[in-house]
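To start, the structure under review is shown below, and the notes come after it.
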Amino acid sequence: MPYHPDMSYDPELVPFLATIPKIQFDDIAAERERRGRLPKPPLNRPAGLDVEDIAADVPVRVYTPSGRDSLPGLLYFHGGGFVTGSLDTVDATAVRIAAGADVVVVSVDYRLAPEHPYPAAVDDGYAALEWTVKNASRLRIDPARLGIGGDSAGGTVAAAVALLVRDRGGASLRFQYLNVPTVDDRSSTPSRLTLVDTPQLDRAGIEAVWRHYLGPRTADAYAAPMRADDLTGLPPAHVVVCEFDPLRDEGIAYAQRLVQSGVPTELHLYPGTFHGSTAFDSAVSRRMIADQTAAVRRLAH
């Protein structure tokens, strides 16, 4: 077993450990090439769901339950360490959420680092939100029931955009869904210090991600939301963390700060899991996916 045999990984995830490659965030070109060689699953277009790619100022892919109007909306950001990922990599997730939670999902193709370092991704996220609100009628979205969310680095962008919305005014967000986000560029939490060789994502990978994302800039609250002095006035939050993920403790700390700031917050920690555990055919993976859909439905409706 290549990763910490003393850790109590979920028994159904253990057989997959030997097959999981380490993400090469220290060598972006190699990582992008590796991902490009992976078999691409066909895009799923189930009956009852309309899917449209729109070349807005920030490209988006919109998933809409067919024949419906004035539905809740979810602006969603893919993961990939700020340096990889695309509309296609989060397609299956967007399909599941749109169909299962009965919401319109607007998936955002934000610019990637290091070619486009911070604040490019956050600027794109905010611009995509403004575009969504402006086009809510066309998109069949009820702007009073619009949420924001994302996975991993996408969760970071979502949290940052939520802060921007609060500080700049304008759009109103109903909720934020933050799935295993990285919200702190500092490496000071126990999970960052001790989980140094974990499946898919480890401490060295996280440090590389932040170097690429920040470029020459110093992190502020919109880059790393844990740096925000004030978290009051943010929309209700659902935060997901995994037990053996170096990002675990910053997610827990962010959820705790949201609660202390008067923000209705639900925190869900999955024992025995690691970063990206939803990708496998196991009971806990299926439960995590079902919980994601249920959480968005509960928050949006």
Side-chain angles (χ1 to χ4, degrees), residues 10 46 49 63-65 68 71-79 89-108 125 129 132 141-163 165 172-183 225 231 234-243 245 247-248 250-259 261-280 282-301:
D10 185 280
L49 195 66
Y63 304 76
T64 310
R68 306 286 301 283
L71 285 168
L74 172 66
L75 197 72
Y76 208 75
F77 301 93
H78 64 76
T89 60
V90 78
D91 185 77
T93 299
V95 166
R96 284 196 305 263
I97 293 175
D102 199 29
V103 300
V104 177
V105 175
V106 179
S107 183
V108 183
L129 175 64
T132 299
I141 290 175
D142 175 2
R145 294 187 291 165
L146 179 60
I148 195 167
D151 298 303
S152 193
T156 312
V157 176
V161 173
L163 282 166
V165 169
S172 175
L173 289 174
R174 188 180 181 98
F175 65 93
Q176 52 181 324
Y177 178 89
L178 311 179
N179 185 33
V180 294
T182 174
V183 290
L231 297 181
L234 291 170
H238 187 103
V239 182
V240 174
V241 297
C242 295
E243 182 179 9
D245 184 346
L247 302 178
R248 179 195 67 204
E250 62 200 75
I252 293 172
Y254 194 65
Q256 184 177 32
R257 285 195 58 201
L258 288 169
V259 173
S261 300
V263 178
T265 303
E266 182 172 343
L267 170 67
H268 202 144
L269 183 151
Y270 289 90
T273 61
F274 45 83
H275 199 86
S277 286
T278 54
F280 305 99
S282 73
V284 68
S285 304
R286 291 188 290 273
R287 179 160 54 89
M288 293 172 77
I289 290 170
D291 288 349
Q292 179 186 54
T293 304
V296 172
R297 174 179 282 275
R298 183 171 63 252
L299 290 164
H301 287 273

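The nearest pair of heavy atoms linking G147 to L173 is C-CD2, 4.3 Å. Of all heavy-atom pairs between P143 and I141, the closest is CD-O, 3.2 Å. When all heavy atoms are compared, the tightest approach of L231 to S261 is CB-OG, 3.6 Å. Contact detail for L247 and V180: the closest heavy-atom pair is CD1-O, 3.6 Å. Here the closest non-hydrogen pair linking M288 and T278 is CB-CG2, 3.7 Å. What you find for V103 and A300 is that their closest heavy atoms are CG1-CB, 3.9 Å.
Listed by chain and number, the residues in a side chain to side chain donor-acceptor pair (under 3.5 Å) with Y177 amount to none (sequence neighbours excluded). Every salt bridge (charged side-chain N to carboxylate O under 4.0 Å, His left out) that R145 has, sequence neighbours left out, goes to D142. Remark: D102 engages P65, R68, L71, R297, H301 in a side chain to side chain contact (heavy atoms under 4.5 Å, CB included) (not counting sequence neighbours). Applying the side chain to side chain donor-acceptor pair (under 3.5 Å) test to T89 and every residue at least two apart in sequence or in another chain returns nothing. By the side chain to side chain contact (heavy atoms under 4.5 Å, CB included) test, D91 pairs with L43, R45, R61, Y63, V95, sequence neighbours left out.
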If you look only at distance, which donor and acceptor atoms sit under 3.5 Å apart when one is on a side chain in residues 234-241 and the other is two or more places apart or in another chain?
none

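A side-chain hydrogen bond (donor to acceptor under 3.5 Å, both in side chains) with Y76 is found for exactly one of D151, T93, N179, namely D151.
Using a 4.5 Å heavy-atom cutoff, the side chains of Y270 and D10 are not in contact. The shortest distance between side-chain heavy atoms of L49 and P46 falls below 4.5 Å.
At least one donor-acceptor pair under 3.5 Å links the side chain of R248 to the backbone N or O of E243. With hydrogens and angles disregarded, a donor-acceptor distance shorter than 3.5 Å links the side chain of T156 to the backbone of T182. A side-chain donor-acceptor contact under 3.5 Å links S285 to the backbone of S277.
Between E250 atom CD and D245 atom CG the span is 8.0 Å, to the nearest 0.5 Å. Between atom NE2 of residue H268 and atom CG of residue D291 there is a gap of 5.5 Å, rounded to the nearest 0.5 Å. The distance from atom CG of L146 to atom CZ of F175, rounded to the nearest 0.5 Å, is 7.5 Å.
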Point to revise | Test log, rule side-chain contact (heavy atoms from CB on, under 4.5 Å), inputs F77 and V90 | key: CA-CA 8 Å; F77 301 93; V90 78; over 6 Å; no
